[in-house]
Structure formats: structure tokens, C-alpha cells
Amino acid sequence: QVKSMRSSGAPIALIAALLATSVFRCVEGTLFWDLVCTIKDCKARPPPGLVPETGFALAAPLPTPGFVVAPLPTPGFSLGLVPTPGPSDAAIEAADAAAAAVVWHNNPKATPPSGPSPSFVTLPGTPQEGDVIREHEVLKVQPWEPADEDTGCTKRFQAPADAPNHATDLNGIRIPDVCLMDKLGPHHIFAIGDWGGVLLKNGGVVPADDRSTTFKNHRTFVSGVDDCAQQNVAQAMAGRALSSQPDYVLNVGDNFYWGGYATKCGAPPYHTNDASGQWKTVYEDMYRGPGLDGKQWLGVLGNHDYGGWMFTMGWDQAISYTWSTNLPTSTGRWFTPAQYYSGKVRYPDFAVEYFFLDNNMFDAFHPDEQPSNNICSSAHNLEYGATCGATGPTSPEDCFAWFARLWESEKTWLDDSLDRSTADWQVIVVHFPPEGSWGEAFFARLAQTYGIDLIVAGHRHRQSFRYDDGPLGPTGVLVTGGGGGITSEGVPDSAGNDDEYGFADLTLSKDEI
């Protein structure tokens, strides 16, 4: 292999790096050889014009002889290297220098290559590393309503008219009641999580691949399912919506894989845009059709919305997109005005109150711990300028305490909010399901004290429902993390007859959900 590579002009530094990394193999192509690697395998690049094998991201041909060393746009793939015949000595020297700087990722959690994607944008007002900014994390321990807002009953979920100055300013808000009195029941709502796939350079959307041999979820790839899971679920939603006519959608987070919206955190919420194209392609154009058009999505943030293994991606843009009606691509359906908030929906003969929480504290650790799945990781946050400015966190060292303060405030707020609730049904919406160390004891106490009816969550990349058993019983726990933004935990059935990819259709009435 070394002789073959060197005769093709591969730089010595690259050969040394490949030999030191046992997971890589080299293959000869027809017109030129190309290394396209996953942690599992490498594939030969087909001649230009042919469709590549499903599941592999390929680097573009070079316009001139030389080498390119760059992260591929599909997370889970470590490196794309494209040599063309007869590179010059200068090109080889440049490639040697680039190869020496390559960071090889062999990560058990399949996190993407570090560093911004080609569509990564920095919005005006974004803080930079070294800026001295006083933290302004707003935490409320009681539900509150804006004094200058009309709190009468509305037909749509409404945030305050003007976007806040900081993404945390509306934490704890109780939005005006929504009154849906113009149709008889039963009433339907949809719920979905972990749904937003990886947007490729060519405009395609694919699920983040969580199946490598080194991952806990290694399994067979099912073509036609695993490569278009989000599209399949979206089509199923559109088909079901024709008959169910959902009133709105509950979104349990992980909106964009791998690392959230591709911009740095810290820009003021009124600087919303869609420079990366993720809002339009992965959300707006994906979920549409009669029965879905115009239906609002009420959401919370997931750990991947913060960045997965960092907190510095555009999580605050998921909040500011609530006020995105000025964007030509926005349909005005998105609704996530704060990290935590509540709202009541009144139907003709009953009411349901929703409590939306950020419980990403369960993926926040000391900066030096668990770098592959730690929002506060110092190993990855520093690559993006590790501060979100006034909203916080201001550093990896501040990160754990920031999430801890958020969670402790939310727990007090939720206790008070449930105690005040007069609705027939109480529903909690979170990202991490209430299992074990993810707050099971806390939610069990609330269930026993206040009679919580349902908890809707995601994070686990499949569909499940529990009722009347376990420490939370008889509170129902719905996990709907099979939205298709990431490969499912089990092998999916090609016809969809399983609990892997999917969404939930909930029927609400006075007597039952």
C-alpha cells in the first residue's frame, strides 16, 4: 500500500498518518484514487458523473493538480483526500504541511469533525473570545406574564411582540392562553424529536450516522430507510395529518444534527437569519402539506442544539427563530420563545397545560470529563471561541454551573407552576426522558404530588410509551426520538412496522389522552 500510495504522489506525512491509524484502508480508483473514509471503512471514488454509494460523502474533484485535506460535510466521516495525477513538488509540500495539521477523529460518540462547516456563519453582535462581557443569565423561579402584553385568549401561541435582547430574557414566561373552541373533539396533536438531519453542500439532507463499529449502536445499514429517514417520517406525518388534522406539534429537540444551527451563539435574538439554509431545507420545506401547513411547532432544546459536545453553536437561534416572520423563507410556525416556559390550551370542555423545560443539565459535566458527549467540554468548545457572551455560558469552566443554575431554577419554577395549574391535563415536554440519573426521582415526586398526566421526551432514537408502571406510574412517558435526524438505535423495518423511526399522534379529549 505504501508503494502504491507513494507512486501516486501521496505525501510522506499522510502515509505516516494513515499507517498510524489502523482503521483506514486505501483503494485504487479508475481515473484517480480517492480516499473516502468512515471509521468503519474506505471506499473508492467512482469516476465523475456517477452516483456515489449511499451513505458515503465524497469530496469534489480538484480543478488543478494537488491535494485537498478537509473535513467532509457529513459527520461521522473523518477525512476526504483527493489526489490528482502528477502533483507538483510545491503541491506535495503543501499537502505534507496540511497532513501534519490534520486531527484524526476516532470518537466513540460519532461527533462531527471539529471546526466550522462551509455554511457556518457569524451573525452581527456575536461575542468573540477575549471579549469582556458581563453575564446576563435570566432565571425565573415563578411563572410570569409581561405587564404590557394582552393576556386574553388567542387562537395561536403568541410570544411578546418584540424579540428580547438576550435569548434567556423570557425564561419562565407563561404565554397567553390559546382557545380552540371552533371544532368538536377529539383533538389531535403530533409530537416528534431528534428529527433534523445533516444538510450537505449539495442541498441534500441525510441522517447523522450513529452506526460505526466503535459505537454502542453499531448495526446493519438499511438502504432506503436509514439514508432518508427524516424524509420518510415527514411524509408519514403529512399523510397522517390529512385525517388527524393536528392542532399543533410538540417538538422535543435536537433540531439539527450533528451540532445544531451552524452559527456561533451569542448574537442578539433580533439578528435571526438563515444563512446556513438549515431552517428552509431541513425544517420549512420538509414538513408541509394540507393538515401541516400553518400548524405551530412548540419546542424545547436538545443537547445537539447546543452543539452536542460543545455549547457554542447557535442554540439561541432556535429561540430567536420564534420572531423570524421577517425572513422570506419563514412560515411563522416555529415557537420556542425561551429555554423554559408554559402555556394552556382551552378546548370546549377541557383544558391542557404544557410545561416546556430545558433538561440538558444531564449532558453537562466538568470541562475535562467525557469529551465525546459533554456540552461543557474544553476539548471542543475552545475551537469556536468558548463564550456565548451575555447570555452565558461565558467559558467551559462556567458552563457546568450555568446549566446547574438553569436546572435548579426550572425545578422550583415547575413546582410552583404545577401547584398553580387548574387545567384538566398537565403535560411536561423535555428532551431527556425521565429515566435514572436523568431526573427520574424528581419527576416521580412531581407525579405523585401533582398528578402529572404525561411527559413527552426524545433523545433515545426510537419510539416508546410507558404507562401505569415504574416509579412514575401512572404518569405516561412518551419517548418520540425517532424523527429521523439520526440513525435509529435498532435495525429498522423497511416497511416501517417497528418502533424505530416515527412520530406520535396524540388524541386529546376530556376523559383520556
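Index from 1, following the sequence.
When atom types are taken as modelled, the side chain of Glu410 and the backbone of Leu357 share no donor-acceptor pair closer than 3.5 angstrom. When atom types are taken as modelled, the side chain of His166 and the backbone of Pro164 share no donor-acceptor pair closer than 3.5 angstrom. Ser330 contributes no side-chain N or O that, together with a main-chain N or O of Leu327, makes up a donor-acceptor pair within less than 3.5 Å. Side chain of Asn374 to backbone of Ala364: no donor-acceptor contact under 3.5 angstrom is found. Side-chain atoms of Glu489 do not come within 3.5 Å of backbone N or O of Gly482 as any donor-acceptor pair. Of the possible donor and acceptor atoms, one in the side chain of Gln245 sits under 3.5 Å from a partner among the backbone N and O of Ala241.
Taking CG of Leu301 as the reference point, atom CG of Asn255 lies at 7.0 Å (rounded to 0.5 Å). To the nearest 0.5 Å, the span separating CG on Leu250 from CH2 on Trp297 amounts to 10.5 Å. Rounding to the nearest 0.5 Å gives a distance of 13.0 Å between CD of Gln230 and CG of Asp227. In this structure, Phe311 CZ and Thr391 OG1 are separated by 9.5 Å, a value rounded to the nearest 0.5 Å. Interatomic distance, OG of Ser378 versus NE2 of His366, reported as 8.0 Å (0.5 Å rounding). Note that CE of Met237 is 11.5 Å distant from CE of Met286, once rounded to the nearest 0.5 Å.
Residues satisfying the salt bridge (Lys or Arg N to Asp or Glu O under 4.0 Å) test with Asp293, not counting sequence neighbours, are none. By the side chain to side chain donor-acceptor pair (under 3.5 Å) test, Tyr341 is found to be paired with no residue, residues two or more places apart in sequence or in another chain being considered. Every residue was checked against the salt bridge (Lys or Arg N to Asp or Glu O under 4.0 Å) condition with Lys295, not counting sequence neighbours, and none meets it. Residues that satisfy the salt bridge (Lys or Arg N to Asp or Glu O under 4.0 Å) test with Asp363, not counting sequence neighbours, are absent from this structure.
Ring centers of Phe365 and Phe400: at least 6.0 Å apart, outside the cut-off. Checked against the 6.0 Å centroid criterion, the rings of Phe256 and Trp279 qualify as a close aromatic pair. Between Phe403 and Tyr306, the distance from one ring center to the other falls under 6.0 angstrom.
Side-chain contact of Gln317 with Thr263: a donor-acceptor pair under 3.5 Å is absent, judged by distance alone. Side-chain polar atoms of Thr480 and Gln463 form a donor-acceptor pair below 3.5 angstrom. Counting only N and O atoms by type, the side chains of Ser488 and Arg219 include a donor and acceptor under 3.5 Å apart. Counting only N and O atoms by type, the side chains of Asn251 and Trp195 include a donor and acceptor under 3.5 Å apart. Between the side chains of Gln235 and Tyr287, no donor-acceptor pair is found at a separation under 3.5 Å. With 3.5 Å as the limit, one finds a donor-acceptor pair spanning the side chains of His431 and Asn303. No hydrogens or angles considered: a donor-acceptor pair under 3.5 Å links the side chains of Ser244 and Asp505.
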Val249/Ile192 under side chain to side chain contact (heavy atoms under 4.5 Å, CB included): CA gap, chis, key distance, verdict: CA-CA 8 Å; Val249 179; Ile192 188 172; 4.0 Å; yes
Test log, rule side chain to side chain contact (heavy atoms under 4.5 Å, CB included), inputs Leu200 and Val206: CA-CA 8 Å; Leu200 304 179; Val206 297; 4.1 Å; yes
Intermediate values then yes/no, side chain to side chain contact (heavy atoms under 4.5 Å, CB included), Asp358 and Leu406: CA-CA 8 Å; Asp358 185 314; Leu406 172 64; 3.9 Å; yes
Check against ring pair (Phe, Tyr, Trp, His ring centres under 6.0 Å), Tyr354 and Tyr248: CA-CA 12 Å; Tyr354 296 99; Tyr248 42 90; 5.8 Å; yes
Candidate pair Trp309 and Ile375, rule side chain to side chain contact (heavy atoms under 4.5 Å, CB included), full reasoning: CA-CA 4 Å; Trp309 61 4; Ile375 293 176; over 6 Å; no
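Residue Thr331 is tested with Glu284, Lys280, Arg288 for a side-chain hydrogen bond (donor to acceptor under 3.5 Å, both in side chains); the sole match is Glu284.
Across Gly302 and Asp305, no two heavy atoms sit closer than the pair N-OD2, 2.7 Å. Shortest non-hydrogen contact noted between Val225 and Asp493 is CG2-O, 4.3 Å. The two residues Phe443 and Val430 make their nearest non-hydrogen contact at CZ-CG1, 4.3 Å. Across Ser276 and Tyr261, no two heavy atoms sit closer than the pair OG-CE1, 3.1 Å. Scanning all heavy atoms of the two residues, the minimum distance from Tyr257 to Ala208 falls at CB-CB, 3.8 Å. The minimum heavy-atom distance between Thr325 and Gly332, with the atom names listed, is CG2-CA, 4.3 Å.
Counting heavy atoms from C-beta outward, Thr336 and Val300 have side chains that stay 4.5 Å or more apart. Side-chain contact check for Pro371 versus Ser377: some heavy-atom pair is nearer than 4.5 Å. Taking the side chain as every heavy atom from C-beta outward, Val198 and Pro207 never approach each other to under 4.5 Å. Counting heavy atoms from C-beta on, the side chains of Met313 and Lys264 never come closer than 4.5 Å. Inter-residue side-chain proximity for Pro433 and Glu435 is flagged as met; some heavy-atom pair is nearer than 4.5 Å. At least one side-chain heavy atom of Val205 sits less than 4.5 Å from a side-chain heavy atom of Thr281. Side-chain atoms of Asn359 and Trp438, non-hydrogen and from C-beta on, never get closer than 4.5 Å to each other. Between Asn360 and Phe432, some side-chain heavy-atom pair lies under the 4.5 Å cut-off.
Applying the ring-ring contact (aromatic ring centres under 6.0 Å, His included) definition to pairs two or more places apart or across chains, those involving residues 481-506 are Phe190-Phe503. Among pairs with a residue in residues 309-323, none fulfils salt bridge (charged side-chain N to carboxylate O under 4.0 Å, His left out), at least two apart in sequence or across chains.
For the pair Arg333 and Tyr283, the cation-pi test (distance below 6.0 Å, angle within 45°) is passed.
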